[in-house]
Amino acid sequence: MAATSKSTAGKAVASESMPLNAAAPQFVTANTLAEGAPVLVIDADAERRSALCAVLSCLGERPQVISEEALAKAPAAALAVIGRSVAPRAELLRELQRRCPGVPALLIAGDGDEPAGIFEEKPPLLACIPFPCPHTQLLDLLQVAGVYRRQYAAQRPLPGSGGSDEPVGRSHAMIELRTMVSRVADKEVTVLITGPSGAGKEIVARSLHRQSARRDAAFVPVNCGAIPPELLESELFGHEKGAFTGAVSSRAGRFELAQGGTLFLDEIGDMPLNMQVKILRVLQEREFERVGSSKSLQADVRIVAATHKNLEQMMAAGQFREDLYYRLNVFPIAMPALCERAEDIPLLIDDLLRQMAAQKRGTLRFNSAAIDALCRYRWPGNVRELANLVERLAILHPGEVVGVADLPPKFRDGEVSEPVFSFASSPVGSGAPPLPESGVDLKATLAGLERDYIEQALGQAGGVVARAAELLGIRRTTLVEKMRKYRLQARASAKG
């Protein structure tokens with residue numbers, strides 16, 4: 001294949017010069033194509049068609065040749081590559097979208113076509129590429145196609161998902177969570193959402209409200225741990241004028257504000273015991289009084305509670321009332337930590353960037369190596385920590401492509417959920433060579449070992465990058481970045 005032209009590849013991948021369509025967000029992260037979905041190859045030239053299939057196979061994709069006549073029977077695909085012998089190509093693109101909605105396309109440049117040119121057709125045409133196309137440029141475009149497919153899928157609601165207001169994620173855990181939300185949303189039962197801080201429990205609570213029959217009334221959140229104990233009763237139930245020092249006027253509480261809707265009691269585990277008794281009474285009798293009043297008010301609200309604490313352990317320690325726990329825990333929903341659904345991180349980043357762009361707070365793009373590094377990080381602060389990082393990077397690198405070097409050190413180093421080495425389980429002399437008295441350059445030693453393993457894996461895999469990545473237990477995009485780092489690009493280009 002021809003050598004890579006950095007300017008051409010950059011022009012092809014840059015989102016500013018390559019509008020996907022009017023609805024798609026104009027930023028690029030990185031992702032592989034849809035797992036198992038084929039890449040359609042539509043080209044009347046048999047020799048070029050064969051070469052395209054060989055290159056796509058070497059890059060780990062599943063090419064499938066299809067004729068123009070058979071387009072009506074085209075399977076669900078991740079990408080279409082259309083040769084220059086196919087005409088008229090604009091009509092073919094429109095037909096492709098009718099048969100396979102959301103499938104992006106690459107055109108092989110013909111006479112008069114400028115490679116990596118800008119196309120304005122409504123179908124998601126990524127670029128016009130030369131033939132033969134440099135592997136690195138094609139790999140970048142495959143990643144862009146993966147982004148488009150992911151964004152297109154994210155904009156389509158799952159059955160029973162309630163649409164785009166749902167928690168973001170395509171992992172098994174998030175699909176199961178959305179299913180549980182859809183099943184209980186229209187039931188007048190109390191829901192207890194558990195999960196670590198910053199995981200998105202309030203988003204789940206809002207989703208429950210939006211899918212319920214109370215959606216037209218108010219959703220009122222209150223953080224039980226953020227309000228001083230002496231003010232919490234007044235905040236929840238309201239007060240009358242003169243009920244206490246400083247009460248210069250009557251004030252409605254959160255229960256009254258949520259009348260007919262949903263009251264979200266966040267961090268219920270931080271609620272004092274004396275307030276737990278009063279909340280229990282409201283749940284049992286569906287009525288309450290303002291502070292300083294003897295008049296009972298009806299509580300026509302649905303209670304959704306959330307906590308990051310283990311309420312069963314708190315009950316055993318006498319810190320949480322058992323009767324209140326069983327009143328709240330009618331339908332429990334567990335929110336997974338972000339480290340348990342790392343495959344959702346690219347989707348979450350895209351969603352955060354869409355929100356920032358809509359709010360005119362800037363945007364940026366991530367390359368594949370940066371995405372992989374973020375997927376390896378342990379995320380103790382969960383989605384909140386991810387949102388803070390994206391906003392910080394948007395301030396530091398507005399409109400730029402963020403790489404691993406641009407990430408803060410703790411994200412760059414790939415801190416993972418479980419340690420990869422433990423002195424307790426790996427005593428000195430259990431396989432590593434003895435440490436010289438003069439010491440070693442650990443970074444250089446590990447880099448040499450990594451390069452050796454990559455070369456061995458490529459040799460065993462016959463130069464097929466996707467297979468070598470499987471042998472090493474890493475992503476294909478990660479392996480490609482490491483090959484570039486160790487100047488193994490020539491071997492990758494020669495063998496895929």
Side-chain angles (χ1 to χ4, degrees), residues 189-206 208-209 214 217-333 335 384:
V189 298
T190 305
V191 176
L192 177 63
I193 306 170
T194 58
S197 294
K201 296 187 290 293
E202 184 171 341
I203 293 176
V204 176
R206 289 183 181 276
L208 280 164
H209 174 71
R214 296 176 176 266
F219 174 88
V220 179
V222 53
N223 189 322
C224 300
I227 301 173
E230 62 273 13
L231 298 179
L232 186 57
E233 182 178 6
S234 171
E235 190 68 28
L236 289 173
F237 304 127
H239 62 258
E240 296 293 346
K241 180 179 179 180
F244 51 85
T245 303
V248 295
S249 62
S250 298
R251 181 172 179 268
R254 301 295 179 94
F255 271 90
E256 288 181 72
L257 296 175
Q259 195 74 354
T262 302
L263 180 65
F264 176 50
L265 298 177
D266 197 9
E267 300 303 348
I268 190 75
D270 293 331
M271 180 176 284
L273 282 169
N274 67 316
M275 279 303 303
Q276 292 179 27
V277 177
K278 296 179 180 181
I279 291 293
L280 177 63
R281 176 177 175 266
V282 177
L283 288 173
Q284 290 174 334
E285 301 178 13
R286 291 292 169 180
E287 60 181 26
F288 64 95
E289 295 87 31
R290 286 183 177 183
V291 177
S293 172
S294 58
K295 180 182 178 182
S296 293
L297 301 174
Q298 293 299 308
D300 178 20
V301 299
R302 182 188 191 177
I303 299 291
V304 176
T307 183
H308 72 282
K309 295 185 175 181
N310 188 320
L311 296 185
E312 293 184 353
Q313 290 182 359
M314 292 183 67
M315 284 192 301
Q319 298 172 339
F320 200 85
R321 292 183 62 93
E322 184 175 356
D323 46 7
L324 176 59
Y325 172 75
Y326 290 115
R327 280 281 182 178
L328 294 173
N329 199 37
V330 177
F331 194 93
I333 294 179
M335 187 74 189
R384 186 180 296 124

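- Side-chain N or O atoms of Arg281 include none that pairs as donor or acceptor with a backbone N or O of Arg286 at under 3.5 Å.
- Between the side chain of Lys201 and the backbone N or O of Ala305 there is no donor-acceptor pair closer than 3.5 Å.
- The backbone N or O of Lys241 sits less than 3.5 Å from a side-chain atom of Ser250, completing a donor-acceptor pair.
- For the atom pair His308 NE2 and Ser197 OG, the distance stands at 4.5 Å (nearest 0.5 Å).
- When atom types are taken as modelled, the side chain of Arg214 and the backbone of Gly261 share a donor-acceptor pair closer than 3.5 angstrom.
- A heavy-atom distance below 4.5 Å is found between the side chains of Leu324 and Ile279.
- Taking the six-membered ring where tryptophan is involved, the planes of Phe255 and Phe288 are tilted, since the angle between them lies from 30° to 60°.
- Between the Gln276 side chain and the Met271 main chain, a donor and an acceptor come within less than 3.5 Å of each other.
- Salt bridge annotation for Glu202-Arg384: absent, with no cationic side-chain nitrogen under 4.0 angstrom from a carboxylate oxygen.
- Formation of a donor-acceptor pair under 3.5 Å by the Arg251 side chain with backbone atoms of His239 is not found in this model.
- The CD atom of Gln319 sits 7.5 Å away from the NZ atom of Lys309 when rounded to the nearest 0.5 Å.
- Salt-bridge check for Glu233 with Arg290: failed, with every basic side-chain N at 4.0 Å or more from each acidic carboxylate O.
- In this structure, Ser296 OG and Glu289 CD are separated by 4.0 Å, a value rounded to the nearest 0.5 Å.
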